[in-house]
Amino acid sequence: MGHVCTTCGCNGTGAGLSRIEHIKAASNHLRGTLREELEQDTPAFTEEAVQVLKFHGVYQQDDRDRRRAARASGGGKHYVMMVRTRIPGGRVSPEGYLAHDEIAERWGNGTIRVTTRQDFQLHGVLKRDLRTAIRAINQALMTTLGGCGDQERNIMCCPAPLGDRLREEVGALLRQLVGALTPATRAYHEIWIDDRLVASGRETEPLYGDRYLPRKFKTGIALEEDNCVDVYANDLALIALRSPEGGLAGLDVLVGGSLGRTANKPDTFPAVAVPLGFVPPERAVEVCRAVVTTQRDFGNRSDRRHARLKYLLHERGVDWFRHQVEDRAGFRLEEFRPVRRMAMNDHLGWHEQGDGGCFYGLYVENGRIADVAERRLRTALRRLVDELRPTLYLTPQQNVILAGLEPGARQEVERTLRAHGVPLSEELSNTLRHAMACPALPTCGLAVAESERALPGLIRRIEAMVAELGLERERISYRMTGCPNGCARPYLGDVGFVGTTLGKYDVFLGGDFEGTRLNRLFARNVPLDEIPHRLRPVLAAFRDERRPGERFGDWCHRVGVEALSDRFAAVPSGRGA
Ligand code: SRM
Ligand code: SF4
């Protein structure tokens, strides 16, 4: 960068602060050179602009399938943008859905992806179309600000549209939290919407300051009876407890969850959030802001691999952290109130809402809403949304809920899905229903192995094997990622497949279906094709040796994943499958 940094006085080479810290500080509250670069007729943004762009919900990627061909022909990378719309609690109006459908068609790659944090992602947008695409999202009253970047990310919340008091009060808290934790900068509006400079230079960011947070920061709200949001994977995890009257009694606060790790770097690790205390509803926002500012002030800003909140907790301890939070909030947290046993509901199929209406949880394989051969999910959904105008809710399992339907709409929903070759959620096996994969290749720049394109084949082999073993009634979750970063949360849940190199995966076992416990490494570097062979003897032993009612993950945990590894991990390929 070649300039003296006003942030720490170094020459911008990373002495003291990481390079990204310098870029953030110099960006004038997330403006950087984005406006200028958008005017330029180039296929890609500069490296500094790419970093600022993330805060606006956009990732610059290149189509990795095209890399080899481009190299052979001496051509350059094919740059495309991924646009992530931040959708608190996953709630989408019918207009919002139709806008994304149209943007995907006109400027994207023709697909919409539901993410594991209840957002939409559009892939394949060219730089020259980016502003138009983002404007169209804003016209549907949605935003991409905060989709990515070192700030509060999309706040997750149980999406089931059930009209009970607890959910209403949690919904109100969610809206307050979004207001309290969204950046104040006008940069987003200037760059994408207004196209003129509104507040150059004199702006302040009361919560985030000039350098925003050291790293991404994630918050989720679970209900005491439903951990569908996988709350333990969040930097700030809130569990809503029910009062005797059925409303919100308050929230258990946990901190320091996050799953990312780096291969061969044991000082990086996945972690579940740990208890901090309990807070009544009216004080929850203050506590959340105090957690965020503690991480803002003490989080590691020199090494991004150690910048998440979990590393701060690891170094200073949870008691130190609690004192910081209490000092900032100005009151003491109450004692943590342990929940007996959390459940996990994927909300698929038909349900009554409690207000006369009903909702349908529609399974979307790996979150990809697309028309592929005879399975025309995108067309079916567009037709249903057009005709029935449901409110949609995106689930943390990458599925879609159609809400506010008249009971009489059931026939039409089912007929439309069938006519477009889309299986009904209730017809799916437990294996398919509880599997998910991250995008990985060809869009993700960090992927070292396939995921979204590998899981469909693998999971159908596992599905057949599970049925052969007579275990088809068991709810067992399978999650795959194309690298150790953990985007489909493979370290939580029963079985995790984590890509290590093209075609190979570390296999993890022993988490729980409810997502409260990390799983452990069972077998290293297993070729994709061999995974079913490795799993089969373990599943067979589970069937034969478990205690009555014991679940797969719990059984693996009880007998010990290391013991299972000694007993089964070296089974040669082909044997027993
Ligand atoms: Fe993620 C980076 C996709 C949820 C941990 N994640 C990425 C990027 C942006 C790749 C990059 O940095 O270049 C991926 C874009 C791929 C693509 O082509 O679309 C990506 N992450 C996703 C999504 C789309 C996966 C999905 O299957 O839906 C999820 C989008 C969520 C959203 O709407 O905000 C997604 N990512 C997660 C989760 C799960 C969660 O938050 O519940 C995790 C684990 C929890 C956590 O944060 O630790 C996760 N993503 C990461 C990490 C590792 C972070 C770390 O602290 O080490 C990275 C890499 C990084 O940040 O350096 C990453
Ligand atoms: Fe990319 Fe890795 Fe995340 Fe998958 S887990 S989307 S490969 S960063």
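Order of listing sets the numbers, starting from 1, for every ligand and every atom in it. Counting begins at 1 with the first residue of the sequence.
Closest to atom 29 (C) of ligand 1, if we only count protein heavy atoms, is T116 OG1, 3.4 Å. Scanning the protein for heavy atoms near atom 42 (O) of ligand 1, the closest one is R489 NH1, 2.7 Å. Among all protein heavy atoms, the one lying closest to atom 14 (C) of ligand 1 is C444 SG, 4.1 Å. Nearest protein neighbour of atom 47 (O) of ligand 1, counting heavy atoms only, is K218 NZ, 2.7 Å.
Residue-ligand proximity: A307 is placed with every non-hydrogen atom at 4.0 Å or more from ligand 1. Remark: distances from the non-hydrogen atoms of R215 to ligand 1 include one below 4.0 Å. For L446, the heavy-atom gap to ligand 1 drops under 4.0 angstrom. Ligand 1 lies less than 4.0 angstrom from a heavy atom belonging to Q398. Using a 4.0 Å cutoff on heavy atoms, R113 counts as a contact of ligand 1.
Considering backbone and side-chain atoms together, G445 places no N or O closer than 3.5 Å to any N or O of ligand 1.
Within 6.0 Å of CZ on R67 lie more than 12 heavy atoms contributed by other residues, nucleotides or ligands.
Counting backbone and side-chain atoms alike, C483 contributes an N/O/S atom closer than 2.8 Å to atom 2 (Fe) of ligand 2. For C438, every N, O or S atom stays at 2.8 Å or more from atom 3 (Fe) of ligand 2.
For ligand 2 and G486, the ligand atoms under 4.0 Å from any heavy atom of the residue are 5 (S).
Of the candidates R368, H306, K216, R308, the one placing a heavy atom closest to atom 46 (C) of ligand 1 is R308. Counting heavy atoms only, C487 comes closest to atom 6 (N) of ligand 1 of the residues G367, C487, G486, A447.
Using a 4.0 Å cut-off between heavy atoms, A447 contacts ligand 2 through both its backbone and its side chain.
The protein reaches atom 9 (C) of ligand 1 closely, with a heavy atom under 4.0 angstrom from it.
Between F269 and Y311, the gap from one ring centroid to the other is short of 6.0 Å.
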